[in-house]
Amino acid sequence: MTTYFSEPQSMYYRFGEDQDQVLKVLAERYIGANAQADFVYRVFQKSGILQNEKGLYDLNLGKRFPDAPKDHISYAAALVWGDEDRNLDVLVRCYGPVRFYFNEQLAYRSTVMDEISPDATVKLSIDIKPGWNTIWLEMKNTPAGFGCQFGSDEGKVRILNVFAPFQERQGQAGWVFSQPNRTASKQPDLLGKESDYSLNWLPETDWSDEDKTKPAFERIFGNLPGKHAYAWTHLNNNDSTGNAVRLSGQSSGSLSIWIGGKSVAQVKEAGPFEVDVPASFGRSDLLVRIECTETAKPWHFNLNATVSGKPLSLELPQRVHGASRESWLYVGPFESEVEPDLQDLTRTDRVYQTGLEQTYWRLDRPDAWIRPYYENAMLSNKWTVGSVTNYGRWDYPLGVTVYGLLRTGRYLQRPDITRYAAEHVQACTQMYEYSLWDREQYGFPAVNQQLVMLKMLDNCGSFGSAMLEAYSECHEPTFLPIAERIADFMLSRLERQEDGAFYRTCVGEYAENTMWADDLYMSTPFLVRYARVTGNSAALDEAARQFSLYRKYLFMPEFKIMSHVYDFKYGQATQIPWGRGNGWTLFSLTEVLEALPAEHPERPALIDFFNELCEGYAALQGESGLWHQVLNVPQTYEEASCTAMFAYGFARGVRFGWFKDPEVYVTAAERAWKGLICKAIDRQGNVHGVCSGSRYAFTAEYYDQDLRTVTNDNHGIGIMMLAGTEVAKMKKHLAEHRVSSPAVSHS
């Protein structure tokens with residue numbers, strides 16, 4: 001029997017079967033561990049190394065240095081932060097000879113076959129340690145090529161953010177790379193000073209001597225008569241007397257100035273200006289609009305703020321790592337007839353239409369933009385990073401976590417919990433338009449990777465379903481356009497077998513030409529909610545149809561359960577009933593049955609299918625109340641997430657009246673929940689016994705030995721909350737309807 005902690009540490013020992021208390025602790029522990037931190041903004045130079053559509057950093061130095069002599073060497077360097085020990089698979093695709101050093105140890109040296117085979121991809125496993133980890137690439141120029149591609153395997157899921165090395169670039173995102181050199185160099189101290197080493201590192205962080213003679217707007221945008229641009233800063237008014245703030249300076253053209261969203265000054269002509277304006281105590285947004293005149297004068301302004309002769313500081317309005325010396329952000333240039341919404345100009349979750357193009361905020365340094373990253377971690381002066389949280393990430397396991405929080409908040413009548421869940425979704429969707437622009441600019445988005453690089457059901461269905469579930473909480477306007485895109489993908493563009501069944505083509509990948517039970521969850525709950533919100537009944541019909549089709553491929557009639565995967569390459573199912581794959585199936589089937597009208601033609605067959613599956617699952621429940629990782633192999637470990645899903649499905653079946661004989665499932669659901677609070681949920685609300693994300697295999701050994709459990713894995717936290725709420729609702733339903741049985745406890 002699997003044991004994750006001693007009995008006194010269990011949730012059951014602390015609270016017994018007080019489900020409300022269990023749910024409170026589960027939800028509050030998750031929220032406490034995942035604070036509502038914004039994205040981290042960093043300086044990023046577009047002239048640096050960009051990613052391709054697979055998320056690999058493309059260090060094609062042959063294009064950057066077309067005249068580099070043969071056998072010259074260039075280096076590229078980056079830092080990777082580790083919060084804890086973790087393993088990451090990275091890919092290398094060589095254009096020429098490459099040596100890769102990780103933490104100053106040689107991790108890979110290319111072979112001649114790696115260098116001359118255009119499709120050769122080498123997968124390496126690296127162990128990221130807590131603190132800073134160093135990447136050092138040595139690349140030699142040959143007639144075959146120069147450089148490499150480098151990045152994480154499945155880059156939109158296993159995100160590899162790299163930071164610029166050297167103290168002078170502290171906090172910036174991206175790589176540095178050197179001009180080609182005749183002789184080899186040793187790896188420098190990447191946390192030391194760039195200026196201590198003779199290599200010429202790119203991209204350049206400072207303007208050329210010629211550009212330094214130009215004012216800011218001219219060197220950033222050029223001289224563009226008839227156009228206009230904006231600058232944004234924070235005015236820090238530390239004067240408590242209430243005296244007016246004096247703004248003074250000089251401008252090359254007319255200026256408009258706003259403080260706190262209110263117009264405070266209009267400067268009509270070029271030359272010096274001085275105005276007294278009201279300003280609240282503390283920090284306020286200060287926004288300046290400047291026109292480029294039709295003359296050949298430089299395009300610029302400067303501005304100082306004082307109160308009673310004392311200078312006030314101007315600070316960046318958004319914390320941007322790597323931008324400690326700046327105080328203004330810039331956006332433009334806008335065509336003369338284009339005026340962006342003023343309120344949108346003091347935000348960082350918008351892109352701006354300048355005419356025919358879009359743009360975003362940038363800094364007064366060469367080709368430098370601010371760029372948001374999913375890190376939720378901050379660099380300090382000691383180059384340390386805080387803990388990473390899940391907040392603000394679009395990711396399929398987090399879809400079920402958000403759903404669990406929404407249901408728990410409603411059940412407990414805790415609007416703070418539902419608000420937190422809805423705001424997690426909003427943090428993603430409000431950055432969606434920016435994410436699309438970011439991909440166009442840089443090749444691969446820094447946030448919302450899965451939503452933007454939409455290629456699989458994993459990327460959209462789970463979190464999309466949670467998004468629509470949250471719609472009733474906040475009516476966020478960004479939700480429905482994204483839902484339309486997801487629905488179009490599922491209903492019109494997703495790969496299908498000839499009979500219409502969803503499957504995965506995944507050409508050239510391990511999952512090529514397969515069907516996964518998981519994908520019922522990745523598709524049908526979203527389609528159900530999309531139909532409910534939009535009235536599109538075809539989406540609900542499709543959800544019901546997919547269950548009938550998946551049954552044909554994956555159902556194991558001898559056990560009345562589902563195989564995890566059908567592999568079309570071999571023309572057969574794997575015949576391995578992975579617990580969570582079956583859990584996703586039952587979980588999703590209850591969502592479809594709840595939504596299907598009584599007269600729907602698919603409903604009778606799906607009710608029968610539901611009863612078949614539940615009969616099969618109930619027969620395999622372990623003595624502890626938990627199910628095994630491979631359902632029909634009791635030697636495999638007890639797994640918590642599938643147990644929670646079966647409890648959820650059984651409880652809903654009882655409550656909605658889908659069972660022919662409900663009493664056995666009342667008992668099974670209660671046993672499952674008690675097993676979870678005794679063995680999988682500790683008294684602090686930590687969730688144990690949840691297996692990590694799965695690939696697939698034709699043997700049970702893979703699922704048991706290679707897929708180990710992870711504490712507080714996002715595949716399990718939300719479903720624990722959902723199971724708890726549903727078992728509680730079942731008990732309440734039975735109590736209200738006076739259903740009783742000597743074999744059933746309704747405590």
Is the shortest side-chain N to carboxylate O distance from [X] to [Y] below 4.0 Å?
{"X": "D458", "Y": "R504", "value": "yes"}
{"X": "E154", "Y": "R695", "value": "yes"}
{"X": "D153", "Y": "R158", "value": "no"}
{"X": "R496", "Y": "E542", "value": "yes"}

message: Could you work out, with salt bridge (charged side-chain N to carboxylate O under 4.0 Å, His left out) as the rule, every residue matching R86, not counting sequence neighbours?
response: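 Expected list: none.
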
message: Checking D119 now: which residues fulfil salt bridge (charged side-chain N to carboxylate O under 4.0 Å, His left out) with it, not counting sequence neighbours?
response: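 By the salt bridge (charged side-chain N to carboxylate O under 4.0 Å, His left out) rule, D119 matches R93.
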
Hey, does [Y] have a side-chain heavy atom less than 4.5 Å from the side chain of [X]?
{"X": "E473", "Y": "R419", "answer": "no"}
{"X": "P203", "Y": "Q172", "answer": "no"}
{"X": "F489", "Y": "L494", "answer": "yes"}
{"X": "L722", "Y": "V400", "answer": "yes"}
{"X": "E469", "Y": "R407", "answer": "yes"}
{"X": "Y696", "Y": "Y702", "answer": "no"}
{"X": "F44", "Y": "L50", "answer": "yes"}
{"X": "V351", "Y": "L436", "answer": "no"}

- request: Give the ring-plane orientation class for H564 versus W516, where under 30° counts as parallel, over 60° as perpendicular and anything between as tilted.
  value: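 Rings of H564 and W516: perpendicular, over 60°.
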
- prompt: What orientation do W437 and Y434 show, parallel under 30°, tilted 30 to 60°, or perpendicular over 60°?
  reply: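 Rings of W437 and Y434: tilted, 30 to 60°.
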
Would you find a donor on one side and an acceptor on the other, under 3.5 Å apart, between the side chain of [X] and the backbone of [Y]?
{"X": "Y703", "Y": "S694", "result": "no"}
{"X": "Q353", "Y": "E357", "result": "yes"}
{"X": "H424", "Y": "R393", "result": "yes"}
{"X": "R319", "Y": "Y41", "result": "no"}
{"X": "R708", "Y": "S692", "result": "no"}
{"X": "E591", "Y": "T524", "result": "no"}
{"X": "W361", "Y": "L345", "result": "no"}

message: Could you go through Y396 and Y521, starting from their C-alpha distance and side-chain angles, then the distance that decides it, and tell me whether this counts as ring pair (Phe, Tyr, Trp, His ring centres under 6.0 Å)?
response: CA-CA 10 Å; Y396 96 74; Y521 167 69; 7.1 Å; no

Cation-pi check, R551 onto F555 ring (under 6.0 Å, within 45° of axis):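 Judged by the rule, R551 and F555 form a cation-pi pair.
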
query: Y403 ring centre to R529 NZ or CZ under 6.0 Å, with the angle to the axis within 45°?
result: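 Yes - R529 lies over the ring of Y403, closer than 6.0 Å to its centre and within 45° of its axis.
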
message: I need the K63 NZ to D58 CG distance, nearest 0.5 Å.
response: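 If we round to the nearest 0.5 Å, K63:NZ and D58:CG are 7.0 Å apart.
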
Spatial distance of atom CG (L451) from atom OG (S435) [nearest 0.5 Å]: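 Nearest 0.5 Å value for the CG-OG distance: 7.0 Å.
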
Under the rule for side chain to side chain contact (heavy atoms under 4.5 Å, CB included), what residues qualify as partners of [X], not counting sequence neighbours?
{"X": "Q497", "value": "D499, A501, Y503, N513, Y553, F568"}
{"X": "T534", "value": "E484, Y530, N536"}
{"X": "K46", "value": "D367, W369, Q441, Y442"}
{"X": "S125", "value": "N87, D89"}

Do [X] and [Y] pair up side chain to side chain, a donor and an acceptor below 3.5 Å, judged on atom types alone?
{"X": "R485", "Y": "Y432", "answer": "yes"}
{"X": "S548", "Y": "E602", "answer": "yes"}
{"X": "N714", "Y": "N390", "answer": "yes"}
{"X": "T574", "Y": "S563", "answer": "yes"}

- prompt: Where do S588 and P525 come nearest, in terms of heavy atoms and distance?
  reply: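 Looking at all heavy atoms of both residues, the shortest contact is OG-CG, 3.9 Å.
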
field: Shortest non-hydrogen contact between Y352 and Y360, atoms and distance
entry: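 In this case the closest contact between Y352 and Y360 is CD1-CA, 4.3 Å.
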
task: Please determine which of F100, Y57, Y95 meets the ring-ring contact (aromatic ring centres under 6.0 Å, His included) test together with F150.
output: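 Single ring-ring contact (aromatic ring centres under 6.0 Å, His included) partner of F150 among F100, Y57, Y95: F100.
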
query: When you look at Y420 and N34, which way does the side chain to side chain contact (heavy atoms under 4.5 Å, CB included) test go after all the steps?
result: CA-CA 10 Å; Y420 170 92; N34 294 277; 3.4 Å; yes

- prompt: Quick check: are there more than 12 heavy atoms from other residues, nucleotides or ligands sitting under 6.0 Å from CD of E495?
  reply: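 Atom CD in E495 is crowded, with more than 12 foreign heavy atoms closer than 6.0 Å.
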
message: If you take the centroid of each ring, where Trp contributes its six-membered ring, are F698 and Y570 closer together than 6.0 Å?
response: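 Ring centres of F698 and Y570 closer than 6.0 Å.
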
